Enquirer: 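Sharing a structure below in structure tokens format, with a few things to ask.
Treat the numbers as computed from the prediction; the structure is a model and nothing was measured. Just so you know, ligand 1 is whichever comes first in the structure, and atom 1 is the first atom listed for that ligand.
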Amino acid sequence: MSETMKCLVKSQAEKGLWMEQREIPKIGPDDVLIRVKKTGLCGTDAHIWNWDDWSQRTVPVGLVTGHEFAGEIVELGQNVHDLEIGQRCSGEGHLIGHLSRQVRAGRFHLDPETRGIGVNVDGAFAEYLKLPAFNVVPLPDTIPDEIGAILDPLGNAVHTALSFDLVGEDVLITGAGPIGVMAAAVAKHVGARHVVITDVNQTRLDLAAQVTDVVTVNVTTTDLLEVTSGLGMKQGFDVGLEMSGNQVAFDQMVEAMVMGGQVAMLGIPPGKSQVDWSRIVFKALTIKGVYGREIFETWYKMIAMLEDGLDVSRIITHHFPANNFEQGFAAMLSGDSGKVVLDWAVGSEEREINISAR
Ligand code: NAD
Ligand code: ZN
């Protein structure tokens, strides 16, 4: 007899997601089965919800969505000897191959064959998730499940922020979405001097100020250069972290950088955009594209920082039971939320599934 689980599926090629019952995934010899406890809603999930051009090209109809999660291991594949049943964990949602030059050189995050859970293969918005044991990241007791569920986007923030040396530097972050705000907290934690974050949404800037010690600038009402001169900055920003995906924000960043400054770009512009390359050349800027997290160095560093006082907990503004996912998506799509967390354990404790009897 096969046991079933509830999961949030892209069942139809139209806007929305649908809660369904599916068979609990069968794991292979190198996998683990994770009982999912909490998951984070991500901008990627909003694209999939909206069924925009990118998701129509990328996401197969019938996919179990979701990639930000924390849970507990309930079953081990026969080759898995270094993890235990009951281990609390999160995990890297990018599944990599073994054959590319990059992977064979140990640069796992640069594998061109990467597939994403909840994007290309079944994901974590489910009571149970199948994951290669290699991708599991054990959680120390000091990190609660709800923070475990947002380590994926915190990892984006950490990977971007640690792209360049920030110690004593002045840092500009464009875009106070959840990732921009967490990047601001990381930049302060590692010793940046001034950290300035811009947005056009005052609610998000107010949230940024609650999460960390950052100078917020609403670019619709305030001149960024006035703010920097008020801070006593004589030249521009040493490091820029682009986290809005917005062309106007990027232009403003280029203008605000110091000669020879360094820019890490995480934000994804919606399509091709006009860039004033001559300005970038004459300013001798370095620009680095950032994708995902370094596997597993980013995970190591962020857990170390969380254990050493980095606090991003206030970025979580909404909690909902998984059954109320529509409210969760409405909160995220409003643009005024921080991270939205869905709880998959609520109401399911009484249904203890006997994995070994499957
Ligand atoms: P988000 O959409 O929640 O936040 C973007 C913020 O930028 C919003 O608050 C928006 O108001 C703000 N913004 C819009 N116009 C602006 C302007 N002119 N100046 C300043 N801010 C402006 O996104 P998020 O979830 O925090 O993610 C940040 C970005 O990173 C997004 O573009 C996302 O697609 C991208 N992303 C990239 C990767 C990767 O691997 N490269 C991974 C995750 C997310
Ligand atoms: Zn995400």
Enquirer: Under 3.5 Å, N or O to N or O, is Y291 touching ligand 1 that way?
Expert: no
Enquirer: Nearest to the Zn ion (ligand 2), which N, O or S atom of E68 do we find?
Expert: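 Restricting E68 to its N, O and S atoms, the minimum distance to the Zn ion (ligand 2) goes to OE2.
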Enquirer: Could you tell me whether atom 23 (O) of ligand 1 has at least one protein heavy atom nearer than 4.0 Å?
Expert: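 Under the 4.0 Å cut-off, atom 23 (O) of ligand 1 has no protein heavy-atom neighbours at all.
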Enquirer: Have a look at ligand 1 and work out which part of N246, if any, has a heavy atom under 4.0 Å from it: side chain, backbone, both or neither.
Expert: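 The answer is the side chain.
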Enquirer: Looking at M243, which atoms of ligand 1 are within less than 4.0 Å of one of its heavy atoms?
Expert: 5 (C), 28 (C), 29 (C)
Enquirer: Counting only heavy atoms, tell me which of A157, G175, G177 gets closest to atom 4 (O) of ligand 1.
Expert: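 The nearest heavy atom belongs to G177.
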Enquirer: Could you tell me if N324 and Q327 have a donor-acceptor pair between their side chains, going purely by distance under 3.5 Å?
Expert: yes
Enquirer: Side chains of E307 and T142: is there a donor and an acceptor less than 3.5 Å apart?
Expert: yes
Enquirer: Could an N or O of ligand 1 be found under 3.5 Å from any N or O of G43, whether backbone or side chain?
Expert: no
Enquirer: Would you mind finding which of N156, D152, D199 brings a heavy atom closest to atom 11 (O) of ligand 1?
Expert: D199
Enquirer: Give the numbers and elements of all ligand 1 atoms closer than 4.0 Å to a heavy atom of G292.
Expert: 39 (C), 40 (O)
Enquirer: Check whether any N, O or S atom of D45, backbone or side chain, sits closer than 2.8 Å to the Zn ion (ligand 2).
Expert: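 Checking the Zn ion (ligand 2) against D45, no N, O or S atom falls under 2.8 Å.
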Enquirer: Is it true that T4 and E23 share a donor-acceptor pair across their side chains at a distance under 3.5 Å?
Expert: no
Enquirer: Under a plain distance cut-off of 3.5 Å, with no hydrogens placed, do D206 and Q210 share a side-chain donor-acceptor pair?
Expert: no
Enquirer: Compute the shortest N/O to N/O distance between L266 and ligand 1 and return yes if it is under 3.5 Å, no if not.
Expert: yes
Enquirer: Looking at T222, T220, T216, which hits side-chain hydrogen bond (donor to acceptor under 3.5 Å, both in side chains) with N218?
Expert: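 One option only clears the test, and that one is T220.
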Enquirer: Side chains of K10 and T65: any donor to acceptor distance under 3.5 Å?
Expert: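 Judged by distance alone, the side chains do not pair up.
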Enquirer: Under 3.5 Å, N or O to N or O, is N201 touching ligand 1 that way?
Expert: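 No; the residue has no nitrogen or oxygen that sits under 3.5 Å from a nitrogen or oxygen of the ligand.
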Enquirer: At less than 4.0 angstrom from any non-hydrogen atom of A249, what atoms of ligand 1 do you find?
Expert: 17 (C), 18 (N), 19 (N), 20 (C)
Enquirer: Check step by step if salt bridge (Lys or Arg N to Asp or Glu O under 4.0 Å) holds for E146 and K339.
Expert: CA-CA 10 Å; E146 62 185 43; K339 286 302 290 185; over 6 Å; no
Enquirer: Return the option from T203, D251, T198 holding the heavy atom at the smallest distance from atom 20 (C) of ligand 1.
Expert: T198
Enquirer: Check the orientation of W344 and F125. Use parallel for under 30°, tilted for 30 to 60°, and perpendicular for over 60°.
Expert: parallel
Enquirer: Looking at the rings of F329 and H318, which for Trp means the six-membered one, are their centres under 6.0 Å apart?
Expert: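 Ring centroids of F329 and H318 are no less than 6.0 Å from each other.
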Enquirer: Would you tell me which option among P178, G267, G335 has the nearest heavy-atom contact to atom 31 (C) of ligand 1?
Expert: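 Shortest heavy-atom distance from atom 31 (C) of ligand 1: G267.
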Enquirer: Nearest to atom 44 (C) of ligand 1 by heavy atom, T44, I197, I179: which?
Expert: I179
Enquirer: What's the shortest heavy-atom distance between I197 and A208, and which atoms?
Expert: CG2-CB, 4.2 Å
Enquirer: In terms of side-chain heavy atoms, does D52 have a donor or acceptor partner in S55 at a distance below 3.5 Å?
Expert: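 Checked: D52/S55 side chains pair up, N/O donor to acceptor below 3.5 Å.
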Enquirer: Classify the side-chain pair T198/Q252 by whether it contains a donor and acceptor separated by less than 3.5 Å.
Expert: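 No, Q252 and T198 have no side-chain donor paired with an acceptor closer than 3.5 Å.
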Enquirer: So which bit of V290 gets within less than 4.0 Å of ligand 1, heavy atoms only: side chain, backbone, both or neither?
Expert: backbone
Enquirer: Name whichever N, O or S atom of H67 ends up nearest to the Zn ion (ligand 2).
Expert: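 That would be atom NE2.
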Enquirer: Could you check, using the six-membered ring where one of them is a Trp, whether H94 and H67 have ring centers closer than 6.0 angstrom?
Expert: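 They do not qualify: ring centres at least 6.0 Å apart.
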Enquirer: At what distance is the nearest protein heavy atom to atom 7 (O) of ligand 1, and which residue and atom is it?
Expert: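 Nearest neighbour among protein heavy atoms for atom 7 (O) of ligand 1, to 0.1 Å: S244 CB, 3.3 Å.
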Enquirer: Between I268 and ligand 1, is there a nitrogen or oxygen pair with a distance under 3.5 Å?
Expert: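 Yes: some nitrogen or oxygen of I268 is under 3.5 Å from one in ligand 1.
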Enquirer: Tell me the protein heavy atom at minimum distance from atom 2 (O) of ligand 1, and give that distance in Å.
Expert: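 Here the closest protein heavy atom is R204 NH1, 4.4 Å.
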